[in-house]
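All values below come from the heavy atoms of this structure, side chains included, with hydrogens, waters and symmetry mates left out. Labels below follow one simple rule: chain letters A, B, ... track the order of the sequence lines, proteins then strands, and each chain is numbered from 1. It should be emphasised that the depicted structure is a prediction, and the values quoted were computed from it without experimental measurement.
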Number of protein chains: 2
Amino acid sequence: MPNLLTDEPESADIATDSVQGVSRGITAPHGTTKARIERAALTLFVERGVDGVAVREIAAKVGITDAAIYRHFKSKAELAESLMLAIHERLTDLVREVGAKNAPFRDKVTDLVTDYCAAADDDWDLFTYHLLHLHHFPHLFAGESSSHVRRVGPISVCANMLKQAVEEGEIEPGNTQLLASMVLGIVLQAASAKAHLRVRGPLSIYAPEFDKAVWAVLRHR
Amino acid sequence: MPNLLTDEPESADIATDSVQGVSRGITAPHGTTKARIERAALTLFVERGVDGVAVREIAAKVGITDAAIYRHFKSKAELAESLMLAIHERLTDLVREVGAKNAPFRDKVTDLVTDYCAAADDDWDLFTYHLLHLHHFPHLFAGESSSHVRRVGPISVCANMLKQAVEEGEIEPGNTQLLASMVLGIVLQAASAKAHLRVRGPLSIYAPEFDKAVWAVLRHR
DNA sequence: TGTAAGTTAGTTAACGTTCACTAACTTGTA
DNA sequence: TACAAGTTAGTGAACGTTAACTAACTTACA
């Protein structure tokens, strides 16, 4: 450790991610410099967007120089995208796994809502990054019209799950893409409300509410 | 009555700015340079975010030089914020007006959904700007905890409407902020799906579906 | 003819990235 | 074991570019 420089410039962010500390890994092992860069970048990206954050600021938050960032990431864009890909795939897999379960559809809905909330609470900043800044990475949610490489994501996988439910006679037929958006919207807009400090506490405490609401939408059509 | 949730493409995107042309005013009268700047800025801001767009690009799109922009707007930030304020207040007023109606609560819900969709279709780019980039303007949605200047917006006004409905015994008591987020989330996430080309056509064609879903959530608790 | 609205040609600052260099480890082998 | 050689992860200074914005000048027209 050659550098005994300033530990923390500002913050006093006590409330945010208390358990594992700010160096929790997203791609890299906990505690490594790479993980600390990821965490610092994530926090800043969430607050001000990728374009609103200078590489120098990320470095300052970690306690290294901007040049050192490039020992770990090819570019700022790669850093930003690797973070987005991590949460995007994590959430996509989550939905896929629930969908693949051998369980009654009603239970799968509950599991989906519960697991989604748990994932959000597990790494709130990462989840918020996905929630607020996904549109910064158009190739990750490209519609199915233009290219025939269809990018999957939580919503399209959820739509597939609903399509299967339709085939099995669990719910009425309809536009499953739209329906998936509507039901996930219940959870996501509530998450957005939490991000904007309109609701408090872990998202999971509202999971039963979400479950009831989602099921109400799926049943009454 | 045709099923509005069919997977059919149904209709092409005729709704996008064909009628009034790209110089439609948001703050300024139609056809003026100021209006054309607003429209050009809006289109670019929606696509790539405020920080992702250079003043030069906006000017180029209008057919003037970047310096000329400053004859009409004090700064890029002011331009971006005036656009956001316009749609933010338009939507807030919309919700307020529906809430102030002297009509059965069930009808107000239908009106809210219908009018919200109509507002989205009326100026899709402006609506999308609000949907995707509101978080770029933290002071417009500041939570009620820190400052005592509570900024209102569509969701908080909707929450008030629900609070009133609770007092009048129309729906069960509960966290109205959360409930407002959940029900608006149904519409907003569907709008997001349209923005990402996962669903097609004017948002209004889905309004009856939204209405049913929103009511299902409000009733079954 | 005065002014609104445009131009050209800058300024200043910030950005992402690269450069040459270095201290501290790790490793292969005489 | 001693140590040359290589690797890792950092530094500080710069580079070329681009950004927002401004000053001074020009022009159309009510």
Side-chain angles (χ1 to χ4, degrees), chain A residues 1-10 22-23 25-84 133 136-137, chain B residues 22-23 25-84 133 136-137:
Chain A
M1 254 174 288
N3 192 6
L4 299 175
L5 287 177
T6 54
D7 198 348
E8 238 311 294
E10 47 187 334
V22 290
S23 66
I26 291 151
T27 278
H30 301 182
T32 61
T33 300
K34 188 166 184 179
R36 304 206 308 138
I37 293 170
E38 287 178 337
R39 190 52 58 178
L42 184 66
T43 307
L44 292 167
F45 288 165
V46 166
E47 277 173 16
R48 306 207 298 278
V50 174
D51 290 337
V53 175
V55 174
R56 276 178 165 84
E57 297 181 77
I58 302 167
K61 194 153 193 163
V62 176
I64 57 178
T65 62
D66 50 353
I69 300 273
Y70 293 87
R71 291 286 174 202
H72 304 276
F73 297 93
K74 187 173 131 290
S75 66
K76 180 190 175 185
E78 192 216 58
L79 167 56
E81 185 168 323
S82 73
L83 295 174
M84 186 54 76
H133 299 286
H136 191 81
F137 305 86
Chain B
V22 290
S23 66
I26 290 150
T27 277
H30 303 182
T32 61
T33 301
K34 188 166 184 181
R36 305 204 309 138
I37 293 169
E38 286 177 338
R39 190 52 58 179
L42 184 66
T43 308
L44 292 167
F45 287 164
V46 165
E47 276 173 16
R48 305 206 300 278
V50 174
D51 289 338
V53 174
V55 174
R56 261 202 196 91
E57 297 180 77
I58 302 167
K61 195 153 192 166
V62 175
I64 57 178
T65 61
D66 54 346
I69 301 272
Y70 293 88
R71 293 281 173 204
H72 304 276
F73 296 94
K74 188 174 131 288
S75 67
K76 179 189 173 185
E78 193 215 57
L79 167 55
E81 185 168 323
S82 73
L83 296 174
M84 185 55 75
H133 299 286
H136 191 80
F137 306 85

Open item on the list: Using only atom types and a distance under 3.5 Å, with no angle test, would you say the side chain of A:His133 pairs donor to acceptor with the backbone of A:Phe45?
Closed with: yes

Open item on the list: In whole Å, I'd like the distance from the CD1 atom of B:Ile64 to the P atom of C:dG6.
Closed with: 5 Å

TODO: Could you check how far CD1 of B:Ile69 sits from P of D:dC21, rounded to whole Å?
DONE: 11 Å

Task: Residue met sooner reading DNA chain D from 5', once B:Arg71 and B:Ser75 are mapped to nucleotides - done: B:Ser75

Open item on the list: Expressed as a whole number of angstroms, how long is the span from B:Tyr70:OH to C:dA9:P?
Closed with: 19 Å

TODO: For B:Arg56 and D:dT17, give me the distance from atom CZ to atom P, rounded to whole Å.
DONE: 14 Å

Task: Atom-pair distance (CG on A:Asp51; C1' on C:dG16), nearest Å - done: 12 Å

TODO: Check every atom of C:dT7, C:dC15, D:dT22 against the side chain of A:Ala54 and return the nucleotide holding the closest atom.
DONE: C:dC15

Open item on the list: Check this one for me: any side-chain N or O of B:Thr65 less than 4.0 Å away from OP1 or OP2 of C:dT8?
Closed with: no

Open item on the list: Without decimals, in angstroms, what is the distance between A:Asp66 CG and D:dA14 P?
Closed with: 14 Å

- [ ] Under 4.0 Å between any heavy atoms, over every strand shown, what does B:Val62 touch: base, sugar-phosphate, or nothing? Just pick one.
- [x] nothing

- [ ] When you get a sec, tell me which of C:dA5, D:dA20, D:dG10 is the closest nucleotide to the side chain of A:His72?
- [x] D:dG10

Open item on the list: Could you measure the distance from the NZ atom of B:Lys76 to the CD1 atom of B:Ile58? Nearest 0.5 Å is fine.
Closed with: 6.5 Å

- [ ] Take the protein atom NZ of A:Lys76 and the nucleotide atom C1' of C:dC15, then report the distance between them rounded to whole Å.
- [x] 8 Å

Task: Between D:dA20 (C1') and B:Lys74 (NZ): distance, integer Å - done: 12 Å

Task: Side chain A:Glu57, main chain A:Leu44, donor-acceptor under 3.5 Å - done: no

Task: Interatomic distance, B:Ile26 atom CD1 to B:Glu38 atom CD [nearest 0.5 angstrom] - done: 5.0 Å

